Trainee: 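Here you go, one structure.
This one's a predicted model, so the numbers in the text were calculated from it and none came from an experiment. Order of the sequence lines sets the chain letters (A, B, ...), proteins ahead of strands, with each chain counted from 1.
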Amino acid sequence: MLDIKEIRNNLESVTARLKSRGTDAAKGLEELMALDEGRRVLLTEVEALKAKRNTVSEEVGRLKKEKADADATEKLIEEMQGVGAEIKAIDKKLAECEDKLLEIMLTIPNLPHESVPVGLSEEDNRVERTIGKKPDFAFTPKEHTDIGEALGILDFDRASKLAGARFSLLKGSGARLERALINFMLDVHINDHGYTEILPPFMVKSECFVGTGQLPKFKDDQFKIDGIDSYLIPTAEVPVTNIHREEILDELPIKYTAYTPCFRKEAGSYGKDVKGLIRLHQFNKVELVKFTTPEDSYEELEALTANAEEILKRLGLHYRVVTLCTGDIGFSSAKTYDLEVWLPGQDTFREISSCSNFEDFQARRAAIRYRPDDSGGGSKKPVLVHTINGSGLAVGRTLVAILENFQQADGSVTVPEVLRPYMGGLEKIEKP
RNA sequence: GGAGAGGUGGCCGAGCGGUUGAAGGCAGCUGCCUGCUAAGCAGUUGUAGGGGUUAAACUCUACCGGGGGUUCGAAUCCCCCCCUCUCCGCCA
């Protein structure tokens, strides 16, 4: 959520920055400003009445105690009955106004950071750097689906028998490889990057989804739990960011990492990426989440992105870092780097991590603040934190990258060295 | 799922219709004092939103789990919901 005061005071530049995201992004701003103005008028009015009532009620109390003029007291009470009715009526209008105001506020996306390239689609994204190079193959590299099914470690037919389309079933060394990746990623982030591990609930209340920005606007992408006010998490970002909802934090930065499965309806993506492990209703992810001061957040975004990249480096995977343009960044994000891994079987770079700075957009929704250190003296007011998160990494897609990049002519797959300790020393996945 | 108890400020804990934003204690901060293993004294300390100011000062409103209601007036009374704890049941 944006700061209503900032919108009010800089309407023109806010509008322009929102429009750089695309056509609809600045929609509703005029109505918003009208509601904001109306709200303050009503507030002033009703608060004056409440102040009057408070004063008079005190007076009534005193008069009754002193057993003073009963008629005069009765008159005051009668008068206040009228005031009370008035207050009630205005309060109702005010509540409606505020509901509408919030409704609009919750659907306005974040302002892109000034360093974000302006553009309409992924065509305009900016490649920042490319690490490693494409592996050479003496044969035509296969896609992960063919490799995995031939090795007996991936079984899409049975997955769909169990759960329908867009689910996966891993078996044997495939299942173990997935588990090895999760542990490897967590260990690197915990031991070498200083993150604290979190294992959160996989279904959380709707207010958490509002906090991080998935609701109300992206309701159709979420799996709702029948009968209660909860949803399956689409990313660990939701529960982990909301850990500190409505809190005032002392020490920043806070760095969390969490493995969770992620559940997404992938509404609107029908026909895209239908094959294999790329786009599923359920997949595993290791997430990185940071709470930082506003001053440090962009530095911390670079660091978090580097932490995610480190996984790719240690696995020996070829990838590039892309800055998403204004038209391509997510709703809540001010700036996003995508890590795209090279998939030789598909002959393309494919997103495997998305690292974003949300600035105070989520913090305002979720009321996550900190108390700035004051070198001076007296206590300072709480300030909204900045939140940052990124995949470190998407596990299923990492498994895809390993199968496709380390496949051999004979159909086997070499296990990256760093994973071998997690695979009981296994060096190669072969047909059983 | 059944029965009971309870949710008050950073923490503990009073209050059960009228100077209570909230006693008392702890913790924190600011002074003063003292030199002996840290004590004493005084003051002070929440959050959000309006108005106001260059910025402050100042001022108003709201907040005692959440939402409604009664009342001139509610932390205090009534209704609904949520959460925690204890016992029983069930279970990994």
Side-chain angles (χ1 to χ4, degrees), chain A residues 1-10 32-106 199-211 225 227-231 239 242-252 360 363-385:
Chain A
M1 195 159 65
L2 300 178
D3 182 357
I4 187 80
K5 285 182 196 156
E6 180 167 348
I7 301 178
R8 196 189 294 150
N9 297 332
N10 308 296
L32 188 76
M33 285 298 94
L35 287 165
D36 176 54
E37 181 59 30
R39 169 178 174 269
R40 282 180 296 148
V41 169
L42 289 171
L43 247 192
T44 308
E45 201 179 335
V46 78
E47 286 187 353
L49 289 172
K50 283 181 180 173
K52 183 177 177 188
R53 182 176 66 182
N54 286 345
T55 315
V56 174
S57 290
E58 234 175 85
E59 178 71 13
V60 168
R62 194 165 343 112
L63 289 174
K64 285 207 165 182
K65 205 182 229 170
E66 292 165 1
K67 298 209 169 36
D69 188 350
D71 284 350
T73 311
E74 199 49 46
K75 223 180 127 201
L76 282 179
I77 290 176
E78 258 172 53
E79 192 191 337
M80 283 310 105
Q81 284 174 338
V83 171
E86 230 179 310
I87 289 172
K88 207 170 191 176
I90 300 173
D91 264 342
K92 196 180 164 211
K93 273 201 270 183
L94 188 62
E96 285 166 6
C97 179
E98 287 182 337
D99 285 351
K100 187 71 192 156
L101 193 76
L102 182 65
E103 194 185 309
I104 295 176
M105 285 298 283
L106 288 176
L199 187 57
F202 300 158
M203 46 188 267
V204 298
K205 296 189 217 171
S206 66
E207 60 200 63
C208 297
F209 283 70
V210 173
I225 309 293
I228 56 173
D229 182 36
S230 293
Y231 294 79
N242 278 282
I243 288 174
H244 294 301
R245 196 178 66 226
E246 285 156 44
E247 290 185 15
I248 299 175
L249 306 169
D250 294 320
E251 297 257 332
L252 295 177
D360 62 12
R364 184 170 292 106
R365 288 173 163 244
I368 308 168
R369 293 160 296 169
Y370 81 107
R371 213 175 284 283
D373 244 357
D374 51 334
S375 35
S379 70
K380 280 203 183 175
K381 284 277 175 196
V383 173
L384 293 170
V385 303

Trainee: Please determine if a side-chain N or O atom of A:R53 lies less than 4.0 Å away from the OP1 or OP2 oxygen of B:rG73.
Mentor: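 Answer is yes, contact under 4.0 Å.
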Trainee: Within the 4.0 Å heavy-atom criterion, would you say A:L76 contacts the bases, only the backbone, or no part of the nucleic acid?
Mentor: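 A:L76: no heavy atom of the nucleic acid under 4.0 Å.
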Trainee: What is the base-pairing partner of B:rA38, counting Watson-Crick and G-U wobble geometry with both distances under 3.5 Å?
Mentor: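 No nucleotide pairs with B:rA38.
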Trainee: Given the C1' atoms of B:rU45 and B:rG6, what is the spacing between them in whole Å?
Mentor: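 It works out to 29 Å between them.
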Trainee: Taking the P atom of each, how far is B:rU34 from B:rC26, in whole Å?
Mentor: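 After rounding to an integer number of Å, I get 24 Å for this pair.
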Trainee: Looking at every strand, decide which applies to A:R364 at a 4.0 Å heavy-atom threshold: base, sugar-phosphate, or nothing.
Mentor: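 No contact.
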Trainee: Considering only atom P, compute the distance from B:rC63 to B:rU19 and round it to an integer number of Å.
Mentor: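 After rounding to an integer number of Å, I get 15 Å for this pair.
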Trainee: Provide the distance between the two C1' atoms, one in B:rA74 and one in B:rA38, to the nearest whole Å.
Mentor: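 Each nucleotide's C1' atom is 46 Å from the other's.
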Trainee: So which nucleotide does B:rG1 pair with, by the Watson-Crick or G-U wobble rule with both distances under 3.5 Å?
Mentor: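 Result: B:rC88.
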Trainee: Which of these nucleotides, B:rA48, B:rG51, B:rG73, is closest to any side-chain atom of A:P382?
Mentor: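 For A:P382, the side-chain atoms sit closest to B:rA48.
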Trainee: Do any side-chain nitrogens or oxygens of A:R40 fall under 4.0 Å of OP1 or OP2 in B:rG51?
Mentor: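 Yes, within the criterion.
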Trainee: Which nucleotide wins on minimum distance to the side chain of A:M80, given the candidates B:rC72, B:rU70, B:rA48?
Mentor: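 For the A:M80 side chain, the nearest candidate turns out to be B:rC72.
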Trainee: Using the C1' atom in both, what is the distance from B:rC81 to B:rU54, to the nearest Å?
Mentor: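 It works out to 48 Å between them.
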Trainee: Scan A:R39 against the nucleic acid and name what it touches under 4.0 Å (heavy atoms): base, sugar-phosphate only, or nothing.
Mentor: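 It contacts sugar-phosphate atoms only.
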Trainee: Could you give the CZ-to-P distance, from A:R371 to B:rG10, as a whole number of Å?
Mentor: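 Computing the A:R371:CZ to B:rG10:P distance gives 9 Å.
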Trainee: Taking the side chain of A:K50 as heavy atoms from C-beta outward, which of B:rA48, B:rA62, B:rG50 is closest to it?
Mentor: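 Out of B:rA48, B:rA62, B:rG50, the nucleotide with an atom closest to A:K50's side chain is B:rA62.
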Trainee: Closer than 4.0 angstrom, basic N to acidic O: yes or no for A:E207 and A:R245?
Mentor: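 Yes, A:E207 and A:R245 are salt-bridged.
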Trainee: Can you tell me how far P in B:rG13 sits from the matching atom in B:rC85, rounded to whole Å?
Mentor: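 Looking at atom P only, B:rG13 and B:rC85 are 16 Å apart.
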Trainee: Does a nitrogen or oxygen in the side chain of A:R8 sit under 4.0 Å from OP1 or OP2 of B:rG50?
Mentor: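 Yes, because at least one side-chain N or O of A:R8 sits under 4.0 Å from OP1 or OP2 of B:rG50.
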Trainee: Of the options B:rA48, B:rA62, B:rC72, whose atoms approach the side-chain atoms of A:K64 most closely?
Mentor: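 Side chain of A:K64 sits closest to B:rC72.
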Trainee: Considering only side-chain heavy atoms of A:K381, which listed nucleotide, B:rC72, B:rU61, B:rA48, is closest?
Mentor: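 Of the candidates, B:rA48 comes closest.
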Trainee: Got a donor-acceptor contact below 3.5 angstrom from the A:R365 side chain to the A:L106 backbone?
Mentor: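 Checking the backbone N and O of A:L106 against the side chain of A:R365, a donor-acceptor pair under 3.5 Å is found.
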Trainee: Indicate whether OP1 or OP2 belonging to B:rC60 is found under 4.0 Å from a side-chain N or O atom of A:N54.
Mentor: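 The answer is no; no side-chain N or O of A:N54 sits under 4.0 Å from OP1 or OP2.
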Trainee: In whole Å, what is the span from the CG atom of A:L94 to the P atom of B:rA48?
Mentor: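 Roughly 19 Å, once rounded to whole Å.
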Trainee: Base, sugar-phosphate, or nothing: which does A:K52 touch, judged by heavy atoms less than 4.0 Å apart?
Mentor: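 Nothing, no heavy atom under 4.0 Å.
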Trainee: Check this one for me: any side-chain N or O of A:K88 less than 4.0 Å away from OP1 or OP2 of B:rU70?
Mentor: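 Checking A:K88 against B:rU70: at least one side-chain N or O falls below 4.0 Å of OP1 or OP2.
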Trainee: Which sits closer to the 5' end of RNA chain B, A:Q81 or A:E98, going by the nucleotide each is nearest to?
Mentor: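 Upstream on the strand: A:E98.
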Trainee: Is the shortest distance from a Lys or Arg side-chain nitrogen in A:E59 or A:R62 to a carboxylate oxygen in the other one below 4.0 Å?
Mentor: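 Salt bridge: yes.
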Trainee: Quantified in whole Å, what is the P atom distance between nucleotide B:rC64 and nucleotide B:rG10?
Mentor: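 13 Å, rounded to whole Å.
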Trainee: For A:E58, answer base if it contacts any base atom (sugar-phosphate contacts may also be present), sugar-phosphate if it contacts only those atoms, and nothing otherwise; contact means non-hydrogen atoms under 4.0 Å.
Mentor: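 Here A:E58 touches no strand at all.
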Trainee: Answer yes when A:K50 and A:E86 have at least one side-chain N-carboxylate O distance shorter than 4.0 Å, and no when they do not.
Mentor: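 A salt bridge is absent here (no side-chain N lies under 4.0 Å from a carboxylate O).
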Trainee: Look at A:K93 together with A:E96 and state whether they make a salt bridge at an N to O cut-off of under 4.0 Å.
Mentor: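 Salt bridge between A:K93 and A:E96, a charged N being under 4.0 Å from a carboxylate O: no.
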Trainee: In Watson-Crick or G-U wobble terms, both distances under 3.5 Å, what is the partner of B:rU47?
Mentor: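 Across any shown strand, B:rU47 pairs with B:rA62.
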Trainee: Nearest-Å distance, CG (A:L101) to P (B:rG49)?
Mentor: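 Taking atom P of B:rG49 as the reference, CG of A:L101 is at 13 Å.
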Trainee: Does B:rC11 have a Watson-Crick or wobble mate here (both distances under 3.5 Å), and if so which one?
Mentor: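 Its partner is B:rG25.
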Trainee: Need one value for A:V56: base, sugar-phosphate or nothing, where a base atom within 4.0 Å counts as base even if backbone is also close, heavy atoms only.
Mentor: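 The residue A:V56 makes no contact with any strand.
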Trainee: Between A:R8 and A:D36, is there a salt bridge with N-O shorter than 4.0 Å?
Mentor: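 Looking at A:R8 together with A:D36, the answer is yes, because their closest N to O distance falls below 4.0 Å.
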Trainee: Does any N or O donor sit under 3.5 Å from an N or O acceptor when you compare the side chain of A:E47 with the base of B:rG49?
Mentor: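 Yes, a donor-acceptor pair under 3.5 Å.
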Trainee: Go ahead and name the base partner of B:rG73; Watson-Crick or wobble counts if both distances stay under 3.5 Å, otherwise write none.
Mentor: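 Base partner found: none.
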Trainee: Closer than 4.0 angstrom, basic N to acidic O: yes or no for A:R39 and A:E98?
Mentor: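 Here A:R39 pairs with A:E98 in a salt bridge, since their nearest N and O are under 4.0 Å apart.
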